[in-house]
*Asks:* 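Below you'll find the structure I mean.
Residue indices begin at 1 and follow the sequence shown.
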Amino acid sequence: MILEMVRANGAVSLRELARVVQTSEVTVRRDVRALEAEGLLDRRHGGAVLPGGFTRESGFPQKSHLATAEKTAVADLAAGLVEEGEAIVVGAGTTTQELARRLARVPGLTVVTNSLLVAQALAHANRVEVVMTGGTLRGSNYALVGSGAEQSLQGLRVSKAFLSGSGLTAERGLSTSNMLAASVDRALVQAAAEVVVLADHTKLGADTMFQTVPTDLITRLVTDEPPGHDDRAATELQALADQGVQIAVAGGPGGAPGPGNAGGEAGPGRQQRRDVPVPGPRRQVPGAGPGLRAAAALGDQGGGAEQRSRVADLRRR
């Protein structure tokens, strides 16, 4: 059954496998290891993919069924980072599509995107202007790519870029499996003063072929709470925090800020926002260009020990 699910979808999370076969993630993980030893599939952080998955990219139908609850939590939290009247860029992806659905409620917003799915989610939103890039349509993820997309972004300046990808590590930053998609994402980053990466815990520690955003240029990571047994994700969060990335974790009871209100009050049934800032300035990257800036980390300059303790606590959990 595990093999059938992976072959049908290209990639499947351990959580989804455990739900379908009605057993624990520990048991599924053991079975996935055995299947990998036979060369029938490849393990990836938080799931399994077809052999050769390092360079293979799943299409939208497959991605849309992976880690859906986690993507929803991440999108809920990320929407609270957008203020009324802002101009932002939003990249392609299933997580950014979820974000766009929530941004439809933010008045006065201008969204530049190369994603048909993001544009569709905002098409009927009142007082939200959508600007599409040019480019060639890439059918697997409904995104515009190529030189036309990149050239249309030249000279653009916005406050924030919201991007997702196939993997995120402290060593290489955000990465994806497709060269054309990576090139457009880099152009989106050049247009933004701050870069916000949306990545659920299954992508933490995963490394794919093409780098899109090096760690030095990531202002903030919005992710969900890793399971208690997921040491790899917790270790990666610690490493990212050590490099100055501001980390917001969705999970647990309480509430997240609503769209257009970064300091929103908690509410029942919503996700809890938990920032894990690291004090101290970010490193400036030579040649980053005017569209990029090193971001100062949030928080009290004297709170380093406290923040490290919070991240260490997340690792233990």
*Asks:* Which heavy atom of Gly91 sits nearest to which heavy atom of Val118, and what is that distance?
*Replies:*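 Looking at all heavy atoms of both residues, the shortest contact is O-CG2, 3.8 Å.
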*Asks:* What's the verdict on side chain to side chain contact (heavy atoms under 4.5 Å, CB included) for Val213 and Arg186, showing C-alpha distance, side-chain angles and the deciding distance?
*Replies:* CA-CA 7 Å; Val213 189; Arg186 285 192 288 267; over 6 Å; no
*Asks:* Decide side chain to side chain contact (heavy atoms under 4.5 Å, CB included) for Val128 and Val106; before the verdict, give the C-alpha distance in whole Å, the side-chain angles of both, and the deciding distance to 0.1 Å.
*Replies:* CA-CA 7 Å; Val128 176; Val106 183; 5.6 Å; no
*Asks:* For residues Thr113 and Met132, determine if any side-chain heavy atom of one lies less than 4.5 Å from a side-chain heavy atom of the other.
*Replies:*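 Side-chain contact under 4.5 Å: yes.
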*Asks:* Could you please spell out the steps behind the salt bridge (Lys or Arg N to Asp or Glu O under 4.0 Å) verdict for Arg33 and Glu36?
*Replies:* CA-CA 5 Å; Arg33 287 197 189 102; Glu36 182 184 45; over 6 Å; no
*Asks:* Salt bridge (Lys or Arg N to Asp or Glu O under 4.0 Å) between Lys160 and Glu86: does it pass, once the steps are laid out?
*Replies:* CA-CA 9 Å; Lys160 298 183 184 76; Glu86 269 195 291; 2.7 Å; yes
*Asks:* I'd like to know if the side chain of Glu129 and the backbone of Gly108 have a donor-acceptor N/O pair within less than 3.5 Å.
*Replies:*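 Absent.
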*Asks:* Quick one: are Lys71 and Thr94 in side-chain contact, heavy atoms under 4.5 Å?
*Replies:*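 A side-chain contact under 4.5 Å exists here.
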*Asks:* For Leu163, run the side-chain contact (heavy atoms from CB on, under 4.5 Å) check against Val189, Val89, Val90, Thr95 and tell me which one passes.
*Replies:*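 It is Val189; the other options fail the test.
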*Asks:* For Glu171, does the CD atom have more than 12 heavy-atom neighbours from other residues, nucleotides or ligands under 6.0 Å away?
*Replies:*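 For Glu171, atom CD is not crowded (no more than 12 foreign heavy atoms under 6.0 Å).
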*Asks:* Do Val222 and Phe162 have side chains that approach each other closer than 4.5 Å (heavy atoms only, starting at C-beta)?
*Replies:*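 Of all side-chain heavy-atom pairs linking Phe162 with Val222, none is under 4.5 Å.
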*Asks:* Answer with yes or no whether the hydrophobic clustering places Leu17 together with Val26; edges join I, L, V, M, F, W, Y residues whose side-chain heavy atoms lie under 4.5 Å apart.
*Replies:*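 Result: no, two separate clusters.
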*Asks:* Is any side-chain heavy atom of Arg30 closer than 4.5 Å to one of Thr27?
*Replies:*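 The answer is yes, as the side chains (C-beta and beyond) meet within the 4.5 Å cut-off.
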*Asks:* If you look at every heavy atom in Ala250 and Ala73, which pair is closest and at what distance?
*Replies:*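 Where Ala250 meets Ala73 most closely, the heavy atoms are CB-O, 3.6 Å.
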*Asks:* Atom CZ in Arg220, atom CG in Leu81: separation rounded to 0.5 Å?
*Replies:*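 Going from CZ on Arg220 over to CG on Leu81, the span is 5.0 Å.
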*Asks:* Can you list the steps and then say if Arg102 with Glu98 is a salt bridge (Lys or Arg N to Asp or Glu O under 4.0 Å)?
*Replies:* CA-CA 7 Å; Arg102 287 147 181 82; Glu98 288 296 322; 3.1 Å; yes
*Asks:* Hey, could you give me the CD/CG distance between Gln246 and Leu221, rounded to the nearest 0.5 Å?
*Replies:*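 Gln246 CD to Leu221 CG: 10.5 Å, rounded to 0.5 Å.
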*Asks:* Atom OG1 of Thr23 and atom CE of Met1: how far apart are they, to the nearest 0.5 Å?
*Replies:*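 Result: 11.5 Å between the selected atoms.
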*Asks:* Can you name the nearest heavy-atom pair linking Ala206 to Arg232, along with the distance?
*Replies:*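 It is N-NH2, 4.1 Å.
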*Asks:* Sub-3.5 Å donor-acceptor pair from the side chain of Ser164 to the main-chain atoms of Leu198, do we have one?
*Replies:*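 Not at all, since once roles are kept as given, no pair shorter than 3.5 Å links the two residues.
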*Asks:* Just do the side chain to side chain contact (heavy atoms under 4.5 Å, CB included) check on Val197 and Thr223 with the steps written out, would you?
*Replies:* CA-CA 8 Å; Val197 170; Thr223 187; over 6 Å; no
*Asks:* Are a donor atom and an acceptor atom from the side chains of Ser183 and Glu150 found within less than 3.5 Å of each other?
*Replies:*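 A donor-acceptor contact under 3.5 Å links the two side chains.
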*Asks:* Counting only N and O atoms by type, is there a donor-acceptor contact under 3.5 Å from the side chain of Glu236 to the main-chain atoms of Leu204?
*Replies:*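 Here the side-chain-to-backbone pair does not exist.
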*Asks:* If we check side chain to side chain donor-acceptor pair (under 3.5 Å) with Ser175, which of these qualifies: Thr169, Thr212, Asp185, Thr208?
*Replies:*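 When Thr169, Thr212, Asp185, Thr208 are each tested with Ser175, the side chain to side chain donor-acceptor pair (under 3.5 Å) holds only for Thr208.
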*Asks:* With distance as the sole criterion, is a donor-acceptor pair present between the side chains of Asn178 and Thr176 under 3.5 Å?
*Replies:*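 No pair is found: no donor N or O on one side chain lies under 3.5 Å from an acceptor on the other.
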*Asks:* Taking Asp224 for its side chain and Val74 for its backbone only, find out whether a donor-acceptor pair lies under 3.5 Å.
*Replies:*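 No; judged by distance alone, with no hydrogens or angles, the pair does not exist.
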*Asks:* Are Lys203 and Ser166 close enough that a side-chain donor and a side-chain acceptor fall under 3.5 Å?
*Replies:*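 On atom types as modelled, these side chains do not qualify, holding no pair under 3.5 Å.
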*Asks:* Search all heavy atoms of Leu99 against all heavy atoms of Ala75 and return the closest pair with its distance.
*Replies:*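 Closest heavy-atom pair between Leu99 and Ala75: N-CB, 3.6 Å.
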*Asks:* Could you give the distance from CG (Leu122) to CG (Leu117), rounded to the nearest 0.5 Å?
*Replies:*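 Here the interatomic distance stands at 11.0 Å.
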*Asks:* Hey, does Val112 have a side-chain heavy atom less than 4.5 Å from the side chain of Ile88?
*Replies:*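 Side chain of Ile88 against side chain of Val112, heavy atoms only: no contact under 4.5 Å found.
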*Asks:* So how far is it from Leu240 CG to Ile218 CD1, rounded to the nearest 0.5 Å?
*Replies:*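 Rounded to the nearest 0.5 Å, the CG-CD1 separation comes to 6.5 Å.
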*Asks:* Distance check, rounded to the nearest 0.5 Å: Asp31 atom CG versus Leu14 atom CG?
*Replies:*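 Nearest 0.5 Å value for the CG-CG distance: 10.5 Å.
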*Asks:* Would His201 and Glu225 count as a side chain to side chain contact (heavy atoms under 4.5 Å, CB included) if you check the C-alpha gap in whole Å, the side-chain angles of each, and the deciding distance to 0.1 Å?
*Replies:* CA-CA 7 Å; His201 75 271; Glu225 187 88 35; over 6 Å; no
*Asks:* Which heavy atom of Ala104 sits nearest a heavy atom of Ala121, and at what distance?
*Replies:*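 Minimum heavy-atom separation between Ala104 and Ala121: CB-O, 4.3 Å.
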*Asks:* Given 3.5 Å as the limit, does a donor-acceptor pair link the side chain of Thr215 with the main chain of Gly173, or not?
*Replies:*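 Such a contact is found between Thr215 side chain and Gly173 backbone.
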